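Let me begin by presenting the structure, written as structure tokens, before commenting on it.
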Amino acid sequence: MRILVADDHDLVRETIAAFLDGSDIEEVQTVATLEEAVNAARTSGTFDLVLLDYNMPGMNGLEGLARMRDANEGRPVAILSGSASRDVADAALKSGAQGFIPKTLSARSLLTAARFMAAGEIYAPIEFMQKNPDDAGGMLTRRELEVLRGICDGKANKEIARDLDIREPTVKLHVKSLYRKINASNRTHAAMIAKEAGLF
């Protein structure tokens, strides 16, 4: 796996590169600007994953994301940020980012996220995506969190329905909704994402 880390802060860039020094990651390149990132993809070949700092020189908001995706021939490009809002994260994902990575993410979580994204999965930490309580459409409701807890405990929909004193079809609706919100493909994936985010 080849990964490119583009960030204008030397310490951040090198720390992230060190985090990503996993057994299945053959090469981690680092650059400091969008231009250098674009040139790296064009001269050394596409990367399995590009991590792009949202506030880096040349980015101009999400225009930089589009340029980098083009240079990387549509292969996964994710946004890194230490300060961007949830709105920016949402916009990045809607604009084709493979994921949104807060710079506060732990080393283990970052490595897991990188593997997910390189494999084509969309990644965004649940706890970050829930920071804006006014936007109920994009966050997990209390009931969805309760259902997700049941999934993490390995319970079937019927058991969750009994525990929460609701009907099984209602549980199924909550499951479908939370899958969409956290980009989970199945129960195992949903439980993995929840546990990775430290929710339960």
Side-chain angles (χ1 to χ4, degrees), residues 1-20 22 25 27-107 109-132 135 137-139 180-185 193 196-197:
M1 191 191 304
R2 297 179 70 233
I3 295 180
L4 176 65
V5 180
D7 193 298
D8 60 325
H9 291 98
D10 294 351
L11 182 60
V12 172
R13 187 172 65 242
E14 297 309 321
T15 300
I16 290 172
F19 281 175
L20 292 172
I25 298 175
E27 179 187 347
V28 180
Q29 282 192 40
T30 61
V31 294
T33 67
L34 177 65
E35 291 303 325
E36 290 176 7
V38 168
N39 288 338
R42 287 182 175 152
T43 57
S44 69
T46 59
F47 293 87
D48 296 297
L49 176 66
V50 177
L51 298 178
L52 211 56
D53 178 28
Y54 180 71
N55 293 312
M56 184 174 53
M59 279 294 287
N60 195 20
L62 292 175
E63 284 181 25
L65 171 64
R67 283 191 62 202
M68 190 67 237
R69 289 185 73 225
D70 183 56
N72 206 41
E73 297 179 5
R75 299 185 80 186
V77 178
I79 293 292
L80 275 171
S81 179
S83 59
S85 67
R86 220 209 93 188
D87 288 343
V88 169
D90 278 339
L93 294 172
K94 285 172 184 169
S95 297
Q98 197 68 35
F100 183 86
I101 308 292
K103 291 181 183 178
T104 52
L105 208 62
S106 70
S109 297
L110 180 62
L111 191 54
T112 300
R115 288 173 177 146
F116 263 134
M117 293 185 293
E121 301 281 355
I122 303 290
Y123 181 89
I126 300 171
E127 70 277 19
F128 178 83
M129 298 308 285
Q130 287 184 203
K131 277 186 180 174
N132 184 352
D135 187 3
M139 62 177 279
R180 178 178 52 79
K181 289 180 180 180
I182 67 173
N183 295 302
S185 52
I193 291 169
E196 186 64 36

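Heads up: numbering here begins at 1 and tracks the sequence. Predicted model only: the values in this text are computed from it and were never measured.
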Residue pair [X] / [Y], side-chain heavy-atom distance below 4.5 Å:
X: M117; Y: I3; result: no
X: I16; Y: T30; result: no
X: M59; Y: D53; result: no

Verify side-chain contact (heavy atoms from CB on, under 4.5 Å) between L20 and L51, making sure each step is shown before the conclusion.
CA-CA 11 Å; L20 292 172; L51 298 178; 3.8 Å; yes

Is it true that a side-chain atom of Q98 and a backbone atom of Y123 form a donor plus acceptor pair closer than 3.5 Å?
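Flag not set: sc Q98 to bb Y123 has no pair under 3.5 Å.
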
So, using side-chain hydrogen bond (donor to acceptor under 3.5 Å, both in side chains) as the criterion, who are the partners of T112 when residues are at least two apart?
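T112: no side-chain hydrogen bond (donor to acceptor under 3.5 Å, both in side chains) contacts found.
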
Among all residues two or more places apart in sequence or in another chain, which pass the side-chain hydrogen bond (donor to acceptor under 3.5 Å, both in side chains) test with D7?
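side-chain hydrogen bond (donor to acceptor under 3.5 Å, both in side chains) check on D7 returns K103.
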
Got a second to check how far [X]'s [atom1] is from [Y]'s [atom2], nearest 0.5 Å?
X: S95; Y: R69; atom1: OG; atom2: CZ; answer: 8.5 Å
X: L80; Y: L105; atom1: CG; atom2: CG; answer: 9.5 Å
X: I122; Y: I182; atom1: CD1; atom2: CD1; answer: 13.5 Å
X: I79; Y: L62; atom1: CD1; atom2: CG; answer: 6.0 Å

Where is the tightest heavy-atom contact between [X] and [Y], given as atom of each residue plus distance?
X: D48; Y: M1; answer: OD2-CA, 3.1 Å
X: L4; Y: M68; answer: CD2-CE, 4.4 Å
X: R13; Y: V31; answer: CD-O, 3.0 Å
X: L49; Y: A118; answer: CB-CB, 4.5 Å
X: S81; Y: N55; answer: OG-ND2, 4.4 Å
X: L65; Y: L52; answer: CA-CD2, 4.0 Å

I'd like a table of donor-acceptor pairs (distance under 3.5 Å, sequence neighbours excluded) in which one partner is a side-chain atom from residues 37-47, with atom names and distances.
unit_1, atom_1, unit_2, atom_2, d
N39, ND2, E35, O, 3.2
T43, OG1, N39, O, 2.7
S44, OG, R2, NH2, 3.3
S44, OG, A40, O, 2.6
T46, OG1, R75, NH1, 2.9

Are D70 and R67 close enough for a salt bridge, meaning some N to O gap below 4.0 Å?
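No.
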
